[in-house]
Undergrad: 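This is the structure I have questions about; it appears just below.
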Amino acid sequence: MEKPCVDDIVFQILTWLPAKSLMRFKCVSKTWNIQHDPDFVKLHNARSLARPSTTRVLLFEVEVCPGGEDYLSIKKRRPELEGFSLKLLAPRHYFNYYQMSVCSNYCHGLVCLYSFKDTQTYLYNVTTGEIKALPFSMNQEIHAQYPLDPQLFLGFDSITGKYKLVHIFVGKNNGNRVIKTRILTLGTDSSWRKIHMPSNCFLKPKRCIFLNGVIYSTDNSLNISIYYFNFRAEKFGRLSPPKNSYFKGLNEMQTALRGKLVIHCRFNHNRRRENGTLLYDDLNKVFMQLKDSYPNSEEKVALVEAERIDKMTLSDVLLATASIISAPASLVFPNPFLLRNVSRFVENIIPLSSLV
């Protein structure tokens, strides 16, 4: 019987290790510098996605801003609440919102950032801390002297194994302002392709979440709808609420915990209005009412290790993680922290040179 190669065994072992260990092991042996091996990166990313709930983590984007209650005030008002620690993400765990803005959703540990200083858009790997400028123009509108960060949507096509970037921007047609949409497959020689976005579709990168190849977003109108873009089919769509109910907004925490779209909803029963939550079964394309919470119904106070941040200022944005198995169903953020976004975090060691 043929004996397995030692290098193959080492290869398989390394694919199960966390990214932090892999970054250290690059200094041990040249053969262990496997970050630029496409097969290894693909397998490591797939195993990170398939990890059981006991080893998954959540990624929190937290803004430092004034207002709200401090921790002691919350504990005095609600003494039953326990503290829940969020671990600051290394190596780059914060940036200033007025200098660098998040201009896309988070997707498998990747996100797009926009620099107001040099009006440049960057791709950022949250896991490795690598940041690389996107080598193309976003064609964004300039209002007076203030540039607008681009509206970008980042997604992964599991069939092709490629990341895609959708750009929604203001263009002109016969002198009139029109909304235009284009898509780019990263890591290929292909160029931007025009795609059609229906006029009744509304996507916002700062109020959206990526799940299983689809990005979902909500609007701010009185009759809130759920809009989506399928990166495999490259088509936009809209989800309607079940009969005798309407959407109130996206439940980000529950969506991140379950890995399924969870919506705040209001139901009309016999002329009575009741609040509740709906879970979207994307396989059968139906909404189901949720009566339980995951992993528990207790609300806790989020604690961020702010003292570890050098020269922390207002409007800094922090990146922190927490274990999904211990995360409460909801969190209260004390002053000066404000939750901006939460999603499932996938450790992605892909080098940005293979995408940009």
Side-chain angles (χ1 to χ4, degrees), residues 101-108 110-116 119-124 132-143 146-221 223-240 247 249-250 255 261 280 282 285 341 343 352 355-356:
S101 172
V102 174
C103 61
S104 79
N105 56 290
Y106 292 88
C107 174
H108 293 183
L110 302 177
V111 69
C112 292
L113 303 175
Y114 179 76
S115 171
F116 292 99
T119 64
Q120 175 67 54
T121 308
Y122 295 85
L123 186 62
Y124 174 54
K132 195 172 180 65
L134 295 173
F136 37 75
S137 171
M138 291 290 102
N139 291 344
Q140 58 194 1
E141 285 282 293
I142 304 297
H143 287 233
Y146 301 104
L148 296 176
D149 47 336
Q151 304 284 294
L152 297 174
F153 302 87
L154 188 61
F156 181 73
D157 183 346
S158 60
I159 302 299
T160 63
K162 298 294 184 181
Y163 289 89
K164 296 179 179 180
L165 191 64
V166 172
H167 181 207
I168 299 176
F169 61 102
V170 178
K172 290 186 177 180
N173 185 10
N174 296 326
N176 298 319
R177 285 162 52 98
V178 293
I179 302 297
K180 295 186 176 182
T181 312
R182 59 181 183 170
I183 189 170
L184 177 70
T185 301
L186 298 177
T188 65
D189 295 330
S190 62
S191 57
W192 289 98
R193 293 176 284 113
K194 293 181 180 179
I195 54 175
H196 174 68
M197 184 178 70
S199 58
N200 63 347
C201 193
F202 184 93
L203 290 178
K204 278 290 184 180
K206 295 175 183 178
R207 287 197 306 276
C208 66
I209 193 164
F210 176 80
L211 293 169
N212 305 320
V214 180
I215 195 164
Y216 299 93
S217 179
T218 62
D219 66 10
N220 268 343
S221 65
N223 298 314
I224 290 182
S225 298
I226 305 298
Y227 303 97
Y228 67 87
F229 179 80
N230 187 309
F231 282 90
R232 175 57 182 162
E234 297 188 357
K235 291 189 178 296
F236 294 90
R238 178 177 178 176
L239 300 178
S240 300
F247 296 140
L250 176 65
T255 297
L261 185 67
Y280 182 60
D282 54 355
K285 312 300 181 184
N341 204 335
S343 60
L352 297 187
L355 299 178
V356 178

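All heavy atoms count here, side chains included; hydrogens, waters and symmetry mates do not.
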Undergrad: Tell me whether the rings of H108 and F210 are parallel (<30°), tilted (30 to 60°) or perpendicular (>60°).
TA: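 Because their plane-to-plane angle is over 60°, the rings of H108 and F210 count as perpendicular.
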
Undergrad: H167 versus L184: any side-chain heavy-atom pair under 4.5 Å?
TA: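 Contact flag for H167/L184 side chains = no.
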
Undergrad: Given 3.5 Å as the limit, does a donor-acceptor pair link the side chain of N105 with the main chain of L154, or not?
TA: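 Pair found, side chain donor or acceptor close to backbone of L154.
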
Undergrad: Do Y114 and P150 touch side chain to side chain, with heavy atoms closer than 4.5 Å?
TA: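 Sidechains of P150 and Y114: in contact.
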
Undergrad: Quick one: pull up CD1 in I168 and CZ in F153 and give me the separation to the nearest 0.5 Å.
TA: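 I168 CD1 to F153 CZ: 4.0 Å, rounded to 0.5 Å.
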
Undergrad: To the nearest 0.5 Å, what is the distance between CZ (R238) and CD1 (I226)?
TA: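 Here the rounded value is 10.0 Å.
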
Undergrad: Please report the interatomic distance OG(S225) to CG(L239), rounded to the nearest 0.5 Å.
TA: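 One gets 9.0 Å once the value is rounded to the nearest 0.5 Å.
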
Undergrad: Quick check for you: to the nearest 0.5 Å, what is the distance between L134 atom CG and L352 atom CG?
TA: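 With rounding to 0.5 Å, CG (L134) is 9.0 Å from CG (L352).
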
Undergrad: If I take atom CG from residue L261 and atom CG from residue D282, how far apart are they, to the nearest 0.5 angstrom?
TA: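 Interatomic distance, L261 CG to D282 CG, rounded to 0.5 Å: 8.5 Å.
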
Undergrad: In sequence, state the C-alpha distance, the side-chain angles, and the governing distance for L165 and W192, and then conclude on side chain to side chain contact (heavy atoms under 4.5 Å, CB included).
TA: CA-CA 9 Å; L165 191 64; W192 289 98; 4.1 Å; yes

Undergrad: For the residue pair T185 and R193, establish whether any side-chain heavy-atom pair is separated by less than 4.5 Å.
TA: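 The answer is yes; the side chains approach within 4.5 Å.
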
Undergrad: Please report the shortest heavy-atom distance between F116 and S101, naming the atom on each side.
TA: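 Nearest heavy atoms, F116 then S101: CE1-CB, 3.4 Å.
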
Undergrad: Counting only N and O atoms by type, is there a donor-acceptor contact under 3.5 Å from the side chain of S104 to the main-chain atoms of C112?
TA: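 Yes, the answer is positive, given that a donor and an acceptor are paired below the 3.5 Å cut-off.
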
Undergrad: Taking the side chain as C-beta and beyond, is there a heavy-atom pair between Y216 and T255 under 4.5 Å?
TA: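 Side-chain contact under 4.5 Å: no.
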
Undergrad: Which distance, rounded to the nearest 0.5 Å, do you find between the SG of C107 and the CD1 of I209?
TA: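 Going from the SG atom of C107 to the CD1 atom of I209 covers 11.0 Å.
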
Undergrad: Decide side chain to side chain contact (heavy atoms under 4.5 Å, CB included) for T160 and R232; before the verdict, give the C-alpha distance in whole Å, the side-chain angles of both, and the deciding distance to 0.1 Å.
TA: CA-CA 8 Å; T160 63; R232 175 57 182 162; 3.4 Å; yes

Undergrad: Report the residues that fulfil ring pair (Phe, Tyr, Trp, His ring centres under 6.0 Å) with F229, sequence neighbours left out, ordered by chain and then residue number.
TA: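 Result, ring pair (Phe, Tyr, Trp, His ring centres under 6.0 Å) vs F229: F231, F236.
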
Undergrad: May I ask you to decide if P135's main-chain N or O and Q120's side chain share a donor-acceptor pair within less than 3.5 Å?
TA: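 No; judged by distance alone, with no hydrogens or angles, the pair does not exist.
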
Undergrad: Heavy-atom distance under 4.5 Å between the side chains of Q151 and V166, does that happen here?
TA: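 Sidechains of V166 and Q151: no contact.
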
Undergrad: Would you say that F247 contacts T218 through its side chain, given a criterion of any heavy-atom pair below 4.5 Å between the two side chains?
TA: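 Not in contact.
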
Undergrad: Are the side chains of V102 and N341 in touch, meaning some heavy atoms are under 4.5 Å apart?
TA: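 Contact flag for V102/N341 side chains = no.
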
